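Data first, discussion second: the structure below is written as structure tokens.
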2 protein chains.
Amino acid sequence: MAFDRTNGLRDNTLPAGIDRTDAAILGLLQNNARLSIKEIAAEIGLAPSSTHERIRRLRDADILRGVHVEVDPKVLGIGLEALLMIELSKHRRSTVDSFLDEVIQVPEVRFAFLVTGRHDLVVHVVVRDTQHLKDLALDNFTNRPGVARIETSIIFDARRRYELPLLRQLG
Amino acid sequence: MAFDRTNGLRDNTLPAGIDRTDAAILGLLQNNARLSIKEIAAEIGLAPSSTHERIRRLRDADILRGVHVEVDPKVLGIGLEALLMIELSKHRRSTVDSFLDEVIQVPEVRFAFLVTGRHDLVVHVVVRDTQHLKDLALDNFTNRPGVARIETSIIFDARRRYELPLLRQLG
DNA sequence: TCATGATTCCGAATGTCTTCTGGCATTTTT
DNA sequence: AAAAATGCCAGAAGACATTCGGAATCATGA
């Protein structure tokens with residue numbers, strides 16, 4: 001019997017099929033999702049109806065996914081952000097998925113990454129202040145079964161990019 | 001002369017001034033920015049015109065900020081994500097701001113955090129594959145003046161929350 | 001308590017945008 | 001070459017966002 005060289009990653013959904021124009025639409029919408037179809041159409045040199053049809057197709061194909069607003073954290077009482085670098089105990093490593101699911105339920109958590117390297121998890125949290133950070137770390141993480149160790153990194157500054165790079169040749 | 005107890009953080013913009021209804025609107029829009037004003041109005045029990053006026057005010061006050069779509073990374077040829085944990089050399093620590101500005105220009109970078117602790121920067125990158133990751137790390141980071149050391153953490157899995165917690169009493 | 005002013009809300013009117021339809025041109029398939 | 005499929009456009013119809021005047025509510029102070 002031969003090896004399965006697809007390695008379980010085969011995907012029958014034919015994920016290709018976006019062209020240069022689609023890529024331009026995606027770029028615009030990643031940077032500003034409030035652009036009207038008319039504005040996008042003008043930018044890419046297509047009629048609004050054609051532009052609309054393309055966007056509808058991108059949505060149907062689940063290439064265009066959720067849309068989210070950013071909110072000023074200060075207004076909500078958020079004065080501090082941090083990364084929690086978590087190391088799991090050995091017995092917990094088998095059920096990492098459910099651990100991620102639990103962690104992401106905590107309201108103060110923005111994202112949780114399961115990673116290789118020195119740590120197992122990197123978790124971004126938003127809190128009121130250092131007191132709140134201490135309570136959150138102790139109550140929701142250090143104390144949690146399966147957590148072996150935590151390193152806390154306060155975030156002093158942050159920059160973001162909203163547009164993903166295009167790393168693929170287009171037909 | 002007395003100490004300045006504001007610690008340089010004073011803010012004359014009176015950031016308060018959102019009520020329970022505003023918070024509900026922010027919550028809905030963080031989870032789904034494509035909701036129509038009509039839908040939001042129905043959800044919070046207000047007339048569309050009133051809802052619209054509130055959203056306009058939140059935007060004018062810069063409480064509601066950018067809106068961004070998520071795009072399926074696979075379609076763009078992204079097959080791998082990683083965190084780069086960067087340690088800066090001593091002389092570079094004075095010009096950390098410009099370093100952040102430079103890093104965020106790299107198309108493969110999604111965010112860059114300046115942090116305390118073992119590392120100085122945590123940078124989220126998206127790449128095609130491990131080969132691309134190697135090239136990116138060497139060409140754009142290890143080789144960059146001011147970078148003392150890099151630790152690479154491959155991201156195996158990720159979860160996100162889009163709604164910030166409400167950590168403040170509302171008037 | 002009452003008057004006053006400010007705030008918040010509503011319903012209706014308006015203007016704009018999204019969405020749908022049909023048809024044309026181009027390309028691909030057979 | 002005929003047929004089918006694709007991508008585009010213009011125009012129409014409908015839904016929506018936006019604006020406005022006025023009513024209702026709330027806060028303030030006499």
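Naming convention: chains lettered A, B, ... in sequence-line order (proteins, then strands); numbering from 1 in each chain. Side-chain atoms are counted along with the backbone in the values below, which use heavy atoms only and exclude waters and symmetry mates. On a predicted model such as this, the values are computed, not experimentally measured, just so you know.
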Q) In whole Å, what is the span from the CD1 atom of B/Ile37 to the P atom of C/dC17? A) 14 Å
Q: Find the distance B/Arg57:CZ to D/dT18:C1' and express it as a whole number of Å.
A: 15 Å
**Q.** Short side-chain N/O contact from B/Arg56 to OP1 or OP2 of D/dA17, under 4.0 Å
**A.** no
Q: Tell me which nucleotide among D/dC8, C/dC10, C/dC20 gets nearest to the side chain of B/Ala47.
A: C/dC10
Q) OP1 or OP2 of C/dT18 less than 4.0 angstrom from a side-chain nitrogen or oxygen of A/His52, does that happen here? A) no
**Q.** CD/B/Glu87: more than 12 non-hydrogen atoms of other groups inside 6.0 Å
**A.** yes
Q | Side-chain H-bond candidate by donor/acceptor type, B/Tyr162 with A/Glu70, under 3.5 Å | A | no
Q | Aromatic ring pairing A/Phe113/B/Phe111, orientation class (parallel under 30°, perpendicular over 60°, tilted between) | A | parallel
Q: Please report, rounded to the nearest Å, how far the P atom of D/dA23 is from the CD atom of B/Glu53.
A: 19 Å
Q) Which of these nucleotides, D/dC9, D/dG7, C/dT18, is closest to any side-chain atom of A/Leu46? A) D/dC9
Q. If you find the nucleotide of DNA chain D closest to A/Gly45 and the one closest to A/Arg34, which residue's nucleotide is nearer the 5' end?
A. A/Gly45
Q) Roughly, in whole Å, what's the span from CD1 in B/Ile55 to C1' in D/dC16? A) 13 Å
Q | Side chain of B/Lys38 (C-beta onward), nearest among D/dA17, D/dC9, C/dC17 | A | D/dA17
Q.
When you compare the side chains of B/His132 and B/Glu108, does any donor N or O come within less than 3.5 Å of an acceptor on the partner?
A. yes
Q. Between B/Asp19 (CG) and D/dT25 (C1'), how many Å, whole number?
A. 14 Å
**Q.** Side chain of B/Arg54 (C-beta onward), nearest among C/dT19, C/dC9, C/dC20
**A.** C/dC9
Q) Between C/dT19, C/dT18, D/dA17, which nucleotide has the shortest distance from any of its atoms to the side chain of A/Ser36? A) C/dT18
**Q.** Donor/acceptor link under 3.5 angstrom from A/Ser50 side chain onto base of D/dG7
**A.** no
**Q.** Nearest-angstrom distance from the residue atom CD1 of A/Ile44 to P of D/dC8
**A.** 9 Å
Q: Answer with yes or no whether the side chains of A/Glu39 and A/Ser36 bring together a donor and an acceptor at under 3.5 Å.
A: yes
